[in-house]
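Reading through the structure tokens given below for one structure.
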Amino acid sequence: MALDYRELAAIFAGGALGTSCRVALDAAVVRDPHHWPLPTFVANIVGAFLVGYFTTRLLERLPLSSYRRPLLGTGFCGGLTTFSSMQVENVKMLEHGHWLLAISYTSTSIVLGLLAVHLGTVVVRRARVRE
């Protein structure tokens, strides 16, 4: 299978934009292992909503395109969300003895992330289709 360099460029461009958004959000708040890691939490929940929205819109509402999904889904949402940062924050919370905070952060992130994906899908499906 040959590489599609335009698809890779779309992923790169979306990833650069998504990562830049996450870094800007992260820079706005000082990290503290004793408190809820709000920047990562917000980025992950917003990213989950956008995955649901983009995926549903691209598959059900827009004409087929080879580059929208890699740009928006893989690239942008992949750059914006960060499971690895969530894990590092959990480890730091656990190292500081904040077991309840780590458990609530992880479980809330998972539950709200799934709800956000569902909400993104619902938003697209409830919008009127232009004819």
Side-chain angles (χ1 to χ4, degrees):
M1 182 158 113
L3 285 177
D4 182 348
Y5 291 104
R6 291 176 291 185
E7 183 177 3
L8 291 176
I11 294 169
F12 177 81
L17 184 60
T19 301
S20 296
C21 290
R22 179 171 42 88
V23 168
L25 181 62
D26 202 39
V29 179
V30 177
R31 292 199 175 269
D32 180 2
H34 305 290
H35 295 94
W36 194 275
L38 197 57
T40 303
F41 180 75
V42 168
N44 286 341
I45 301 305
V46 168
F49 172 83
L50 291 175
V51 163
Y53 180 87
F54 291 148
T55 301
T56 306
R57 184 156 171 82
L58 293 172
L59 292 175
E60 296 180 8
R61 297 290 173 96
L62 294 176
L64 189 59
S65 166
S66 298
Y67 306 110
R68 285 186 192 132
R69 202 165 65 187
L71 172 75
L72 298 171
T74 306
F76 182 77
C77 291
L80 177 63
T81 60
T82 174
F83 184 75
S84 58
S85 290
M86 182 179 144
Q87 297 311 309
V88 169
E89 291 162 347
N90 272 313
V91 167
K92 287 182 181 180
M93 286 183 238
L94 294 173
E95 287 174 345
H96 286 87
H98 300 293
W99 291 86
L100 187 56
L101 181 62
I103 291 167
S104 63
Y105 174 52
T106 300
S107 55
T108 302
S109 294
I110 292 168
V111 170
L112 288 184
L114 291 171
L115 288 173
V117 170
H118 177 70
L119 180 62
T121 299
V122 167
V123 166
V124 172
R125 290 183 177 158
R126 288 209 175 156
R128 280 191 285 172
V129 178
R130 293 184 203 159
E131 306 216 14

Let me confirm one number: the [atom1]-[atom2] distance from [X] to [Y], rounded to the nearest 0.5 Å.
X   : Y   : atom1 : atom2 : answer
I11 : T74 : CD1   : OG1   : 5.0 Å
N90 : S85 : CG    : OG    : 11.0 Å
R69 : E7  : CZ    : CD    : 9.0 Å
F12 : T19 : CZ    : OG1   : 9.5 Å
L72 : L80 : CG    : CG    : 12.0 Å
N44 : R22 : CG    : CZ    : 8.5 Å

Within a radius of less than 6.0 Å around CZ of R57, do more than 12 heavy atoms belonging to other residues, nucleotides or ligands occur?
-> no
Any side-chain heavy-atom pair from F49 and V46 closer than 4.5 angstrom?
->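 No. Closest side-chain heavy atoms not under 4.5 Å.
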Would you call L50 and F54 a side-chain contact if the rule is heavy atoms closer than 4.5 Å?
->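 Yes, at least one pair of side-chain atoms sits under 4.5 Å.
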Decide whether L115 and M86 are clustered together by the hydrophobic rule: side chain heavy atoms of Ile, Leu, Val, Met, Phe, Trp, Tyr closer than 4.5 Å, transitively.
-> yes
Single-linkage hydrophobic cluster L112~I103, side-chain heavy atoms < 4.5 angstrom |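 Each belongs to a different hydrophobic cluster.
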T56 side chain vs Y53 backbone, donor-acceptor pair below 3.5 Å = no
Keeping the roles fixed (side chain from D26, backbone from T40), state whether a donor-acceptor pair exists under 3.5 Å.
->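 Between the backbone of T40 and the side chain of D26 there is no qualifying donor-acceptor contact (under 3.5 Å).
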Indicate the ring-plane relationship of F41 and Y105, choosing parallel, tilted or perpendicular according to the 30° and 60° boundaries.
-> tilted
Check the pair W36, L101 against side chain to side chain contact (heavy atoms under 4.5 Å, CB included), reporting the backbone distance first and the verdict last.
-> CA-CA 7 Å; W36 194 275; L101 181 62; 3.8 Å; yes
Nearest heavy atoms of G52 and T121, plus distance in Å | O-OG1, 3.6 Å
Give the minimum heavy-atom separation between P39 and L25, together with the two atoms involved.
-> O-CD2, 3.3 Å
Let me see the working for Q87 and V91 under side chain to side chain contact (heavy atoms under 4.5 Å, CB included), right down to the final yes or no.
-> CA-CA 6 Å; Q87 297 311 309; V91 167; 5.6 Å; no
